[in-house]
Amino acid sequence: MIDLKYLQNNFEEASRKLQKKGVDAAMLEQLKTLFLSLKDANAQLEALKAEQNSLSKLFGQCMREGTDASALKITLDANKEALVPLQEKAREAEAALATVALSVPNFPDESVPEGADENDNVELRKVLVPRVFAFEPKEHWALAEVNGWIDFERGVKLAKSRFSVLRAEAARLERALINFFLDTNAKKGFEELCVPFINNAAMLQGTGQLPKFEEDLFKVEGEDLYLIPTAEVPLTNMYHDEILTEKELPILMTGYTPCFRKEAGSAGRDTRGMIRQHQFDKVEMVAIAHPEHSDEVFEMMVQNASDILSALGLPHRVVQLCGGDLGFSAAKTVDLEVWLPGQNKYREISSISNTQDFQARRAKIRFKDGSKNSFVHTLNGSALAVGRTLVAVMENYQNEDASIEIPEVLKKYM
RNA sequence: CGGGAGAUGUCAGAGUGGUCGAAUGUGCCGGUCUUGAAAACCGGUGAGGGUUAAACCUCCGGGGGUUCGAAUCCCCCUCUCCCGGCCA
């Protein structure tokens, strides 16, 4: 959630920033109005409550002393009734504010380039040079078919479209990649966690998936629970509603989880192969950082993910997202795109974001900042998306006969 | 899933209608003492909102109710612990 006091006091600046994300000023104007009317409703309510509290104390005193208090009682009764509509008004104001406030995206960081969509993203660097093939490289689904690695039909039978089954070497490679990622992250200081794959609604609101993106989530019927769309949700919310000490920061966490997404808006995109599935494996990094140091942590996370790709010998490029392409919670995002020779293009394999205090404010994650409490910065990033890495390994390590080499660093994991 | 007990500040644990945001102990921070430390003693120490600062409002698992007034009484929910069943 954005800082509403900041919005109130720096309206022009705030709305200029959010224009980068395509939020129109009218919505912010409405938000500001709702915020002010909440404050107003609360002020009225509290003033009457204060009066009622002090008169009640007086009444109690009269009771103890046996003094007559019937006049006082009349006032008290009247106030009590007057309190009801004020209470209702305050409650309504709060609900109205929440519905809007929780759906307003984060401010982009000052460093984020202007732009409308992915075409305006800025390539920061390329790492490793794509291999030159002496033959026409195949796409991963063709390789999978020859090798019997991915059973798309039976995945659909077991669940529905966009589900698949890994078989034989592919299943083992998937497991090897997970282990390799976790070990590498651990070496960089990330604590490995194994977390619930189902989280409650409050957690999903904390990281920003709810209330706005409910249609992207698989919900557990009859329960206040959702399958997680990313380990970012449980890892970040580990410290939901907690106050940390400054010296604990930064907290670095990593975890492997499957991720579940409805892909509601992706009809017709990547229908072939396993680039876009309803369930996929991912190893995630999450950091809870001091606001003054979150940029350094961010760079470290980008470098770590890039290093993992390099260790696997996978060519990739590092791309900074423009304002229009930033996700809802992100203030700043860098994507890593891996080279897929079969598709002859770079495809996203990792996305590293600094949400600054946006999630911290929603999830109430704070730290003792001297005598007061301040919001931490939260960061998240894939290191890496396992299924897409498998695809990248297949396409980059293919031979002319469609056999696939195992990258050197993975051999000890196989 | 059935039976019992419980949920209070860092933790432990009092508190059954007003003087309780909350005893006491503990932890933590500061001070005195000490060559230094420990012990002892003194002081401070929850959160959110609000304000220039205060005042003030809210919070004793969550929600609702009774009352002029609720940590305390009533109802619902959740969670935890113990016993039993089931089970990886």
Side-chain angles (χ1 to χ4, degrees), chain A residues 1-10 31-98 100-102 194-206 210 219-226 234 237-249 251 258 288 357-376:
Chain A
M1 193 157 77
I2 60 167
D3 184 348
L4 295 175
K5 269 189 219 167
Y6 170 79
L7 178 72
Q8 183 198 336
N9 298 324
N10 308 278
L31 185 58
K32 185 180 165 184
T33 306
L34 288 169
F35 181 55
L36 292 175
S37 48
L38 173 64
K39 284 174 73 160
D40 182 55
N42 275 337
Q44 286 182 43
L45 176 65
E46 283 174 18
L48 187 56
K49 272 189 180 171
E51 187 189 343
Q52 188 74 339
N53 285 345
S54 68
L55 292 182
S56 278
K57 239 171 220 174
L58 199 60
F59 185 86
Q61 202 179 330
C62 290
M63 291 290 98
R64 277 195 303 284
E65 292 166 359
T67 330
D68 174 60
S70 51
L72 193 51
K73 180 76 164 64
I74 291 169
T75 312
L76 282 165
D77 285 341
N79 277 359
K80 194 183 177 183
E81 266 184 58
L83 225 39
V84 176
L86 287 182
Q87 208 123 35
E88 190 51 36
K89 198 172 141 199
R91 202 177 310 202
E92 279 168 12
E94 193 168 353
L97 177 68
V100 178
L102 288 173
C194 188
V195 293
F197 302 161
I198 300 176
N199 282 193
N200 62 47
M203 301 305 115
L204 284 135
Q205 184 176 104
L210 288 179
K219 188 176 195 309
V220 179
E221 189 179 347
E223 305 265 2
D224 181 39
L225 296 169
Y226 298 81
N237 282 294
M238 277 289 292
Y239 297 97
H240 189 106
D241 202 12
E242 293 194 24
I243 298 167
L244 302 159
T245 60
E246 195 168 349
K247 64 180 173 210
E248 286 177 89
L249 304 177
I251 296 172
I288 311 284
D357 64 1
F358 185 81
Q359 291 179 327
R361 191 169 256 114
R362 291 176 155 242
K364 300 196 210 45
I365 308 173
R366 293 156 293 177
F367 71 101
K368 276 276 170 219
D369 189 5
S371 61
K372 65 179 179 22
N373 299 319
S374 298
F375 290 108
V376 297

Just how far, in rounded Å, is [atom2] of [N] from [atom1] of [X]?
X: A:E81; N: B:U67; atom1: CD; atom2: P; value: 12 Å
X: A:K57; N: B:G17; atom1: NZ; atom2: C1'; value: 15 Å
X: A:H240; N: B:A47; atom1: NE2; atom2: P; value: 18 Å
X: A:I243; N: B:U45; atom1: CD1; atom2: C1'; value: 14 Å
X: A:D224; N: B:C79; atom1: CG; atom2: P; value: 11 Å
X: A:F59; N: B:G17; atom1: CZ; atom2: P; value: 17 Å
X: A:E242; N: B:A47; atom1: CD; atom2: P; value: 15 Å
X: A:L45; N: B:C59; atom1: CG; atom2: P; value: 11 Å

Would you say the side-chain atoms of A:Q52 pair up with the backbone N or O of A:L76, donor to acceptor, closer than 3.5 Å?
yes
Quick one: look up who [N] pairs with, Watson-Crick or G-U, both distances under 3.5 Å, and put none if it's unpaired.
N: B:U45; result: B:G27
N: B:A40; result: B:U32
N: B:U67; result: none
N: B:U52; result: none
N: B:A88; result: none
N: B:G2; result: B:C83

Ignoring backbone atoms, test whether [X] places a side-chain nitrogen or oxygen under 4.0 Å from the OP1 or OP2 oxygen of [N].
X: A:R91; N: B:G63; value: no
X: A:K80; N: B:C68; value: yes
X: A:K39; N: B:U51; value: yes
X: A:N79; N: B:C68; value: no
X: A:K5; N: B:G50; value: yes
X: A:N53; N: B:U58; value: yes
X: A:K49; N: B:C68; value: no
X: A:N42; N: B:C57; value: no

Nearest heavy-atom contact between A:A69 and A:M63 is CB-CE, 4.3 Å
Find which nucleotide of RNA chain B each of A:S54 and A:L76 is nearest to by heavy atoms, and output the residue with the more 5' nucleotide.
A:S54
Considering heavy-atom distances to RNA chain B, does A:N373 or A:Q52 have its closest nucleotide positioned more toward the 5' end?
A:N373
Counting side-chain heavy atoms from CB outward, which of [options] is closest to [X]?
X: A:R366; options: B:G49, B:G18, B:G48; result: B:G48
X: A:R64; options: B:U19, B:G69, B:G46; result: B:U19
X: A:M63; options: B:G46, B:C56, B:G18; result: B:G18

I'd like the [atom1] distance from [M] over to [N], given in whole Å.
N: B:U26; M: B:A39; atom1: P; result: 11 Å
N: B:A70; M: B:G84; atom1: C1'; result: 37 Å
N: B:C82; M: B:G13; atom1: P; result: 15 Å
N: B:G46; M: B:A71; atom1: C1'; result: 16 Å
N: B:G15; M: B:G9; atom1: C1'; result: 14 Å
N: B:U67; M: B:C86; atom1: P; result: 49 Å
N: B:A7; M: B:G50; atom1: C1'; result: 30 Å
N: B:G27; M: B:A12; atom1: P; result: 15 Å

Remember a base hit wins even if backbone is also touched, and classify A:K372 as base, sugar-phosphate or nothing at under 4.0 Å, heavy atoms.
nothing
A:E65 atom CD, neighbour heavy-atom count above 12 within 6.0 Å:
yes
Using a cut-off of 6.0 Å, state whether more than 12 heavy atoms not belonging to A:K368 lie near its atom NZ.
yes
Are the charged groups of A:K80 and A:D77 less than 4.0 angstrom apart, N to O?
no
A:L58/A:Q61 under side chain to side chain contact (heavy atoms under 4.5 Å, CB included): CA gap, chis, key distance, verdict
CA-CA 5 Å; A:L58 199 60; A:Q61 202 179 330; 4.1 Å; yes
Which is it for A:R366 and A:V376 under the side chain to side chain contact (heavy atoms under 4.5 Å, CB included) test, yes or no, and what are the steps along the way?
CA-CA 5 Å; A:R366 293 156 293 177; A:V376 297; 5.8 Å; no
Show your reasoning for whether side chain to side chain contact (heavy atoms under 4.5 Å, CB included) applies to A:D40 and A:Q44.
CA-CA 6 Å; A:D40 182 55; A:Q44 286 182 43; 3.3 Å; yes
